[in-house]
Structure formats: structure tokens, C-alpha cells
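One structure is given here, and the rest of the page talks about it.
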Number of protein chains: 2
Amino acid sequence: MPTSSRFVVAVHALAAMAVGDGAPLRSEDLAASANTSAVVIRGLLSRLHQAGLTGSQLGAGGGALLAKPAARIRLLDVYAAVEDTALFTLHRMPPLGGCAVGGNIQEALRPVLDGARAAMEAELARVTIADIAADVARLGKFALPLRRG
Amino acid sequence: MPTSSRFVVAVHALAAMAVGDGAPLRSEDLAASANTSAVVIRGLLSRLHQAGLTGSQLGAGGGALLAKPAARIRLLDVYAAVEDTALFTLHRMPPLGGCAVGGNIQEALRPVLDGARAAMEAELARVTIADIAADVARLGKFALPLRRG
DNA sequence: TGAATTGTCACTGTGATCGTTACACACCAT
DNA sequence: ATGGTGTGTAACGATCACAGTGACAATTCA
């Protein structure tokens with residue numbers, strides 16, 4: 001299945017904003033750090049903005065900013081903002097309704113798949129962008145806040 | 001990061017074998033119930049066979065059979081057998097190593113993503129094909145075992 | 001022997017992701 | 001105000017995995 005790297009790249013961008021000293025970060029700089037293109041970053045920032053996680057400052061010296069403290073942005077919020085496909089894909093074509101199995105398999109499976117998805121999301125809800133930024137700083141052996149450069 | 005429809009279809013096929021009375025099920029019949037093609041089913045059965053979950057009987061009157069009791073086949077086993085892609089996709093191109101964030105983001109993220117994946121898999125490990133078959137029977141208002149047809 | 005069924009290959013169509021180019025619009029500095 | 005800077009979005013193409021189809025050798029039962 002074609003998998004999306006949007007979630008990881010979005011967390012990357014948000015962590016960069018959290019690590020920075022509050023100065024706006026240009027999409028071009030975020031793209032360089034994540035090794036992708038500025039348009040891809042802007043597409044992600046558009047989704048994050050709609051979700052209320054980031055804001056943008058236009059014009060010279062502008063860029064992307066966190067819309068709220070990094071400690072209040074959960075990874076689950078990022079996940080919900082940038083991922084649109086369901087975790088589990090059901091049958092592409094609906095199964096045979098007349099069949100004893102085909103007519104009931106999706107309903108039998110739904111609570112299980114919902115539970116698995118909820119368990120995964122609960123883990124993502126326990127971690128914030130601030131946590132990730134702190135771990136990045138620890139691994140990189142530098143202190144927060146960091147001047148951008 | 002979504003799964004393919006293979007997982008759901010594979011569970012569908014295994015549940016059909018569990019619901020049946022132990023008679024081999026042809027790939028063509030499984031395909032009809034799941035509203036897909038027999039070749040797709042055979043591809044899944046090939047993976048399930050390699051994982052030791054099913055067996056096949058060639059020739060006339062042949063078909064697919066469970067290789068062990070349905071109560072001992074966990075959904076996690078099915079998931080592992082038929083899904084190739086990782087739950088979370090990392091950066092398509094490695095992030096900029098020289099950057100404070102790019103050089104550490106993947107390592108900072110790994111424990112979180114591993115935890116989320118483990119939480120989801122733990123839920124899938126709690127349910128067996130026998131559970132699904134029982135739920136299918138309950139929803140379809142029929143008793144197990146069921147004669148095939 | 002002959003029919004039936006699996007197992008696997010090659011080819012095709014479809015959809016999503018991702019990269020690139022392009023351009024209108026908004027904002028800041030001078 | 002004016003030009004440079006940066007965002008926001010659309011269009012296009014390349015790539016990849018998934019899924020569907022047809023075909024065929026190999027195997028096994030009737």
C-alpha cells in the first residue's frame with residue numbers, strides 16, 4: 001500500500017519550530033532539513049494551519065510558527081491533521097451479502113479494528129511536540145531554546 | 001500508512017474456513033464471498049501457508065484448510081503474514097544530517113512509533129479467528145459448525 | 001485417463017504520493 | 001509607494017504498490 005511520510009515530516013517541521021527560538025521558519029529551510037521540497041512542506045503547513053496547530057507570517061522575514069505551546073500539541077493532533085486514509089482498509093468491493101461470512105465479516109471485525117486503532121492513537125496522544133523537541137535536543141547535545149541558523 | 005485490504009480479506013478467508021465444517025474451500029468460492037478474484041485469494045493463501053496458518057489440498061475436491069485450530073490463530077499472526085509495509089513511513093529521503101533537528105528526529109521518534117505499533121499489535125493479538133467466526137455466526141444467527149454451501 | 005484445483009507468472013489499470021514549475025496574493029523593509 | 005520576500009494553491013508528471021485478469025505448468029482425486 002502506498003504509505004505516506006506526511007506524519008513524520010509534519011512532526012519534523014513542528015519539532016524544528018519548537019527547537020527554534022520562536023522565529024518564523026521558512027518552508028524552504030524546513031524542506032532542506034527534511035530533505036524534501038518546499039511545496040510539500042507548504043502543503044503540510046496548510047493542513048496544520050487548518051487544524052489550528054501552526055500559523056504563518058507572510059512577507060520578508062516571515063515563515064511558519066507554532067500556534068500554541070509545543071507542550072499542548074500532541075502527536076495525535078498532528079496525525080489527525082495530515083493523514084486522511086483509514087488505518088485499516090476494508091474490502092475494496094463490498095463482500096457478498098448473501099454469504100454467511102461475507103454478510104457479517106465487516107461488522108464482526110469493526111470493534112476489533114476500532115480497538116486496535118484506538119490503542120495506537122492513545123499512544124500518540126501521550127507524546128507532545130515538546131517531548132520530541134526535548135529528545136532531539138538531548139540526542140543532539142544542545143540546550144533549548146536554540147537560536148535558528 | 002494505511003494497511004492494504006489484504007489483512008481484512010485474509011481474515012475473511014480464514015473465518016470462512018473456521019465457519020465451515022472442515023471441508024476444503026476452493027479459492028474461487030472464497031473469492032466470490034470476498035468479492036475479489038481467485039488469484040488474489042491464492043496469493044493470500046500462499047502467504048498464509050508460508051506462515052503456517054493454512055494448508056492446501058490439490059486436485060478435485062481440494063481447496064484451502066486451516067493448518068491449526070482457529071482458536072490458536074491470532075489476528076496478529078494474520079497481520080504479520082500478509083502485510084509488508086511498516087505502519088509508519090519515515091522520511092522518503094533521509095533528513096539533513098547536519099541539521100540539529102534533521103540529524104536526530106528519526107531517533108527521537110522511533111520509541112514513540114514503536115510504542116504505537118506495539119499497542120496496536122497487542123490488540124490484534126487478543127483476538128483469534130475463532131472469535132471472529134463466533135461473532136460472524138452470532139450476527140448471522142446461525143450455529144457453528146456450519147455445512148459449506 | 002481425465003477433470004479439477006492450486007501455485008505462480010506476466011501484463012494492465014487505478015489510485016496515492018511526491019517532486020517540480022508556475023503564478024497570484026500578502027506583507028515587510030526601504 | 002514600491003520592490004523583494006515568502007506563502008498558498010493549482011497543474012503536471014514520475015513513481016510505486018495494490019488489485020484484477022488471463023494463462024499455464026504441476027499436482028491430485030474420481
Side-chain angles (χ1 to χ4, degrees), chain A residues 1-10 12-13 17 23-32 34-51 54-65 67 82-95 148, chain B residues 1-10 12-13 17 23-32 34-51 53-67 82-95 148:
Chain A
M1 161 88 43
T3 63
S4 159
S5 67
R6 285 200 294 266
F7 174 54
V8 170
V9 174
H12 182 147
M17 298 180 218
L25 287 178
R26 301 186 309 156
S27 60
E28 195 174 339
D29 295 331
L30 292 171
N35 207 345
T36 179
S37 84
V39 176
V40 170
I41 295 292
R42 290 201 282 253
L44 291 174
L45 290 174
S46 176
R47 291 167 183 256
L48 295 174
H49 176 69
Q50 285 182 10
T54 64
S56 291
Q57 189 171 325
L58 290 181
L65 296 162
V82 301
E83 287 292 335
D84 18 55
T85 62
L87 184 58
F88 293 102
T89 305
L90 295 185
H91 301 66
R92 175 177 283 195
M93 302 293 293
R148 89 157 155 165
Chain B
M1 54 195 24
T3 66
S4 67
S5 69
R6 285 199 294 265
F7 174 55
V8 170
V9 174
H12 182 148
M17 298 179 217
L25 285 178
R26 301 186 308 154
S27 60
E28 195 174 339
D29 293 333
L30 291 171
N35 207 343
T36 179
S37 83
V39 177
V40 169
I41 294 292
R42 275 178 264 176
L44 291 174
L45 289 174
S46 176
R47 291 168 182 256
L48 295 174
H49 175 68
Q50 286 182 8
L53 304 182
T54 64
S56 290
Q57 190 172 325
L58 290 181
L65 295 161
L66 294 182
V82 302
E83 286 293 334
D84 316 310
T85 63
L87 186 56
F88 294 102
T89 305
L90 295 185
H91 301 66
R92 174 175 284 196
M93 302 293 290
R148 89 157 155 164

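Just so we're on the same page: letters track the sequence lines, and every chain starts at 1.
Residue order along DNA chain D, read from the 5' end via each residue's closest nucleotide, puts A/Ser27 first among B/Arg47 and A/Ser27. A residue-by-residue look at B/Val40 and A/Gln57 shows that A/Gln57 has its nearest nucleotide of DNA chain D further toward the 5' end. Between B/Met93 and B/Ser56, it is B/Ser56 whose nearest contact on DNA chain C lies nearer the 5' terminus.
For B/Val39, taking side-chain heavy atoms from C-beta onward, the closest of the listed nucleotides D/dG20, C/dT8, D/dG4 is C/dT8.
When the C1' atom of C/dC18 is taken as reference, atom NE2 of A/His12 falls 17 Å away, rounded to whole Å. Remark: P of D/dA19 and CG of B/Asp84 are 10 Å apart, rounded to the nearest angstrom. For the pair B/Leu58 CG and D/dA25 C1', the interatomic distance rounds to 12 Å; values are reported in whole Å. Remark: P of C/dG13 and CZ of A/Arg92 are 15 Å apart, rounded to the nearest angstrom. Taking atom CG of B/Leu45 as the reference point, atom P of C/dG7 lies 7 Å away to the nearest angstrom. The interatomic distance linking B/Asp29 (CG) with C/dT5 (P) rounds to 8 Å, in whole Å. Per the geometry, CZ belonging to B/Phe7 stands 18 Å off C1' belonging to D/dA19, to the nearest Å. Summarising the geometry, the separation between CG on B/Leu65 and P on D/dC29 is reported as 12 Å, rounded to the nearest angstrom.
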Report task. Report the C-alpha distance between B/Ser5 and A/Arg92 in whole Å, list the side-chain angles of each, state the deciding distance to 0.1 Å, and finish with yes or no for side chain to side chain donor-acceptor pair (under 3.5 Å). Result -> CA-CA 7 Å; B/Ser5 69; A/Arg92 175 177 283 195; 5.7 Å; no

Query raised in the report: After noting the C-alpha distance and the side-chain angles of B/Val9 and B/Leu30, does the key distance pass the side-chain contact (heavy atoms from CB on, under 4.5 Å) rule?
Result: CA-CA 9 Å; B/Val9 174; B/Leu30 291 171; over 6 Å; no

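The base of D/dG8 is paired with the side chain of A/Arg42 by a donor and an acceptor separated by under 3.5 Å.
Among the heavy atoms of the strands lying under 4.0 Å from A/Gly63 are primed sugar atoms or P, OP1, OP2 only; no base atom is included.
Note on B/Ser5: a side-chain N or O is less than 4.0 Å away from OP1 or OP2 of D/dA19. At least one side-chain nitrogen or oxygen of A/Arg26 sits closer than 4.0 Å to the OP1 or OP2 atom of D/dG6. Between D/dG8 and A/Ser46, no contact under 4.0 Å exists linking OP1 or OP2 to a side-chain N or O. Note on B/Arg6: a side-chain N or O is less than 4.0 Å away from OP1 or OP2 of D/dC18.
A donor-acceptor pair under 3.5 Å is absent between the side-chain atoms of B/Arg26 and the main chain of B/Gly63, judged by distance alone.
The aromatic rings of B/His91 and A/His12 sit perpendicular, their planes meeting at an angle over 60°, well past the 30° parallel limit.
Between A/Met93 and B/Thr36, every side-chain heavy-atom pair lies at or beyond the 4.5 Å cut-off.
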